[in-house]
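Notes for the one structure printed next.
Only this structure's heavy atoms are used, side chains among them; waters, hydrogens and symmetry mates stay out.
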Amino acid sequence: MKNKMDENQLDYIGSELKGKTIGIIGLGAIGKKVAAFCSVFDMNVLAYARNAIVQSEGFVKMVDFDELRNLGNVIISYDVMVQ
C-alpha cells in the first residue's frame, strides 16, 4: 500500500549531499568532472594525486592520502591501475 503524501511533499531516501566531504583519488579528466559535479551540490571536495603537478580547480583542496582517508565521508578512486 502506497503512503499518503501531501501534493507538495516528496519522500526521499538517503542523506543530504550538502556539507559532506568527498575524497577523490586521482584527479585526471574523470576525477575533475566528478569534482565539479560534487561542488554543484555544495560538497567539500578533497583530492589526492600521486602526481603532485596536477592542476586542481579552485573548489578542490589537494591533500595527502592520509588526510583524505581521515576526512572524507565518501572516497572514490579514479586512479590508473598499475600491474
Side-chain angles (χ1 to χ4, degrees):
M1 183 172 192
K2 191 172 180 178
N3 293 340
K4 293 182 181 180
M5 296 186 303
D6 187 23
E7 288 181 23
N8 298 324
Q9 182 184 9
L10 297 174
D11 282 338
Y12 291 105
I13 298 174
S15 63
E16 198 62 37
L17 293 177
K18 183 177 182 177
K20 297 282 196 266
T21 300
I22 187 162
I24 302 174
I25 300 171
L27 204 58
I30 295 172
K32 286 180 180 179
K33 289 201 182 280
V34 171
F37 181 78
C38 292
S39 72
V40 171
F41 288 97
D42 290 328
M43 295 181 77
N44 303 313
V45 181
L46 304 177
Y48 166 78
R50 288 182 290 159
N51 182 355
I53 302 172
V54 170
Q55 295 286 337
S56 68
E57 304 296 328
F59 50 82
V60 177
K61 179 180 177 189
M62 297 300 292
V63 296
D64 64 19
F65 182 77
D66 289 330
E67 187 174 357
L68 182 132
R69 187 175 47 115
N70 291 329
L71 297 178
N73 296 110
V74 175
I75 298 175
I76 55 177
S77 177
Y78 292 106
D79 207 5
V80 177
M81 290 181 60
V82 180
Q83 292 184 350

Worked verdict on Met43 versus Val74 for side chain to side chain contact (heavy atoms under 4.5 Å, CB included): CA-CA 11 Å; Met43 295 181 77; Val74 175; 5.5 Å; no
Phe37 CZ: over 12 foreign heavy atoms closer than 6.0 Å: no
Leu17 atom CG: more than 12 heavy-atom contacts under 6.0 Å: yes
Intermediate values then yes/no, side chain to side chain contact (heavy atoms under 4.5 Å, CB included), Val34 and Ile76: CA-CA 10 Å; Val34 171; Ile76 55 177; 3.5 Å; yes
Closest non-hydrogen atom pair between Tyr48 and Leu68, with its separation: N-CD1, 3.7 Å
Heavy-atom donor-acceptor pair, Asn73 side chain to Thr21 backbone, under 3.5 Å: yes
Hydrophobic cluster membership, Leu46 vs Phe41, 4.5 Å side-chain cutoff: no
Connected via hydrophobic side-chain network under 4.5 Å: Ile22 and Phe65: no
For Gly31 against Ile24, the heavy-atom pair lying closest together: O-CD1, 3.8 Å
Nearest heavy atoms of Gly19 and Asn44, plus distance in Å: O-ND2, 3.4 Å
Rounded distance (nearest 0.5 Å) linking atom CD1 of Ile75 with atom CG of Asn70: 8.5 Å
Reported CZ-to-CD1 distance for the pair Arg69 and Ile25, which is rounded to 0.5 angstrom: 10.0 Å
Considering all heavy atoms, the nearest Val45-Ser39 contact: CG2-N, 4.3 Å
